[in-house]
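Following: one structure in structure tokens, then a few remarks.
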Amino acid sequence: MKNPDHVRGIISSIKKDGVNKLQVISDFDMTLSRFGWNGRRCPTSHNILDNSQVITEEGKKQLKDLLHYYYPIEIDPNRTLEEKCPLMVEWWTRAHDLLSQQKILKGDIAQIVKESEVMLRDGFNEFFDQLHKNNVPLFIFSAGVGDILEEIIRQANVFHPNINVVSNYMDFDDDGILRGFKRPLIHTYNKNNTVLNNTEYFQQLSTKTSIILLGDSMGDLTMSDGVTNVKNILKIGFLNDKVEEHRGKYLESYDIVLERDETLDVVNGILRYTFTET
Ligand code: TMP
Ligand code: MG
């Protein structure tokens with residue numbers, strides 16, 4: 001934390017205003033899902049498709065080449081957003097085009113997720129269950145693949161009715177074969193109002209003036225831009241990769257920065273404190 005007193009102040013205000021005023025806004029890939037396990041990288045929702053048996057060897061190679069070219073650009077602290085945005089659109093468009101040529105079946109999604117190495121962060125059960133029990137809305141705003149991340153949450157038995165997802169959804173034809181992705185395209189750096197069809201979701205939640213925001217990328221900081229009334233906002237950032245290089249920027253932007261922490265323990269602790277009646 002750059003400013004522990006500030007963090008203490010926000011958490012006290014969130015608790016004082018009460019659970020009825022709280023909403024949680026979270027990224028999915030590498031925020032709710034793990035970045036690594038046992039020294040290996042865990043897959044993003046896109047990688048789950050890329051690595052699956054339904055993709056040809058040639059397709060896999062092309063998708064990996066895209067990742068190796070564009071991922072360093074995505075996380076490069078020395079490039080501006082203006083530089084990155086068009087390149088991210090290019091990455092997502094090329095990846096989605098390649099995936100759409102692979103004849104992926106809607107009916108195969110559950111099996112593809114089951115066979116993948118994806119893992120939610122330790123403590124996910126408590127996280128999802130606490131929010132559900134306390135009727136706290138959870139908005140998952142993801143530049144990943146909506147169908148895949150929903151399936152991950154479903155298979156983990158934590159897809160509760162307090163969850164709303166905005167993400168890139170697959171578009172299947174009448175035979176259930178992937179033919180493209182629905183619009184608008186969401187990439188790392190347009191996670192803001194511009195891709196929320198309307199701000200209806202946040203308008204409905206206009207009384208939820210306390211926000212806990214969870215992300216792992218600098219692009220996740222704008223996920224709450226559509227919230228109509230913000231009184232307290234606590235931004236928690238997972239710093240997964242190139243920690244030394246990114247520490248300064250993350251500490252400037254996130255109230256709490258969790259370095260190489262594969263758990264939701266800090267978030268769960270704050271929620272537990274908020275929910276405890278004193
Ligand atoms: P998000 O975590 O901000 O929702 O972003 C999704 C992540 O997906 C982002 O870090 C880049 C990654 N990604 C892939 O791994 N493969 C791909 O083909 C694409 C387009 C994105
Ligand atoms: Mg992420």
Side-chain angles (χ1 to χ4, degrees), residues 25-36 41-52 55 59-77 79 81 84-102 104 112 116-121 138-150 152-153 165-170 178 180-182 184-192 195-196 213-225 235-242 246 250 253-254 257-258 261-262 264 267:
I25 301 174
S26 181
D27 168 50
F28 183 78
D29 288 304
M30 311 294 119
T31 295
L32 295 179
S33 69
R34 287 180 73 118
F35 180 75
R41 284 284 289 272
C42 290
T44 62
S45 48
H46 279 98
N47 299 154
I48 291 175
L49 287 169
D50 304 352
N51 300 339
S52 79
I55 310 285
K60 281 195 168 76
K61 187 188 167 298
Q62 289 175 319
L63 286 156
K64 198 156 278 154
D65 287 347
L66 291 180
L67 180 73
H68 290 156
Y69 179 75
Y70 290 105
Y71 177 67
I73 299 175
E74 181 194 356
I75 65 164
D76 186 349
R79 288 188 198 237
L81 270 184
K84 288 184 187 188
C85 268
L87 294 165
M88 293 302 105
V89 173
E90 211 174 88
W91 180 13
W92 261 253
T93 306
R94 293 175 72 179
H96 288 179
D97 285 349
L98 281 171
L99 290 170
S100 307
Q101 291 162 17
Q102 298 284 327
I104 297 170
I112 290 172
S116 78
E117 293 184 345
V118 73
M119 290 171 82
L120 293 171
R121 281 187 195 272
L138 169 59
F139 180 59
I140 299 178
F141 199 168
S142 166
V145 182
D147 309 70
I148 299 284
L149 77 87
E150 284 196 8
I152 297 167
I153 304 174
V165 182
V166 168
S167 185
N168 296 302
Y169 280 91
M170 297 168 128
L178 183 69
F181 282 76
K182 293 178 185 163
L185 184 141
I186 304 170
H187 59 77
T188 327
Y189 296 110
N190 69 353
K191 295 169 92 172
N192 53 44
V195 291
L196 300 176
L213 178 146
L214 310 174
D216 78 295
S217 133
M218 297 299 287
D220 294 328
L221 290 155
T222 55
M223 292 189 299
S224 57
D225 279 7
K235 298 182 178 181
I236 303 178
F238 289 88
L239 178 47
N240 299 311
D241 204 6
K242 308 251 164 26
H246 289 103
Y250 272 65
S253 318
Y254 282 103
V257 178
L258 302 170
D261 179 348
E262 294 288 358
L264 287 164
V267 184

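We count ligands from 1, going down the list as the structure has it; atoms in each ligand are counted the same way.
A 6.0 Å sphere centred on OH of Y71 holds more than 12 heavy atoms belonging to other residues, nucleotides or ligands.
Using a 3.5 Å distance cut-off with no hydrogens or angles, the side chains of S100 and D97 do not pair a donor with an acceptor.
Interatomic distance, CE of M30 versus OG of S217, reported as 12.0 Å (0.5 Å rounding).
By the 4.5 Å heavy-atom criterion applied to side chains, F28 and I152 are counted as neighbours. At a threshold of 4.5 Å between non-hydrogen side-chain atoms, the residues S253 and K235 do not count as touching. By the 4.5 Å heavy-atom criterion applied to side chains, D27 and F238 are not counted as neighbours. Looking at L66 and L98, their side chains come closer than 4.5 Å, going by heavy atoms from C-beta outward.
Closer than 4.0 angstrom to ligand 1 by heavy atom are D27, D29, T44, H46, N47, L67, E74, W91, W92, A95, S142, A143, G144, K191, D220, sorted by chain and number.
Although no hydrogens or angles enter the test, the distance criterion places a donor-acceptor pair under 3.5 Å between the side chain of H246 and the main chain of I75.
K191 and T222 get closest at one heavy-atom pair: O-OG1, 2.8 Å.
Around the Mg ion (ligand 2), protein atoms of type N, O or S found under 2.8 Å number 3.
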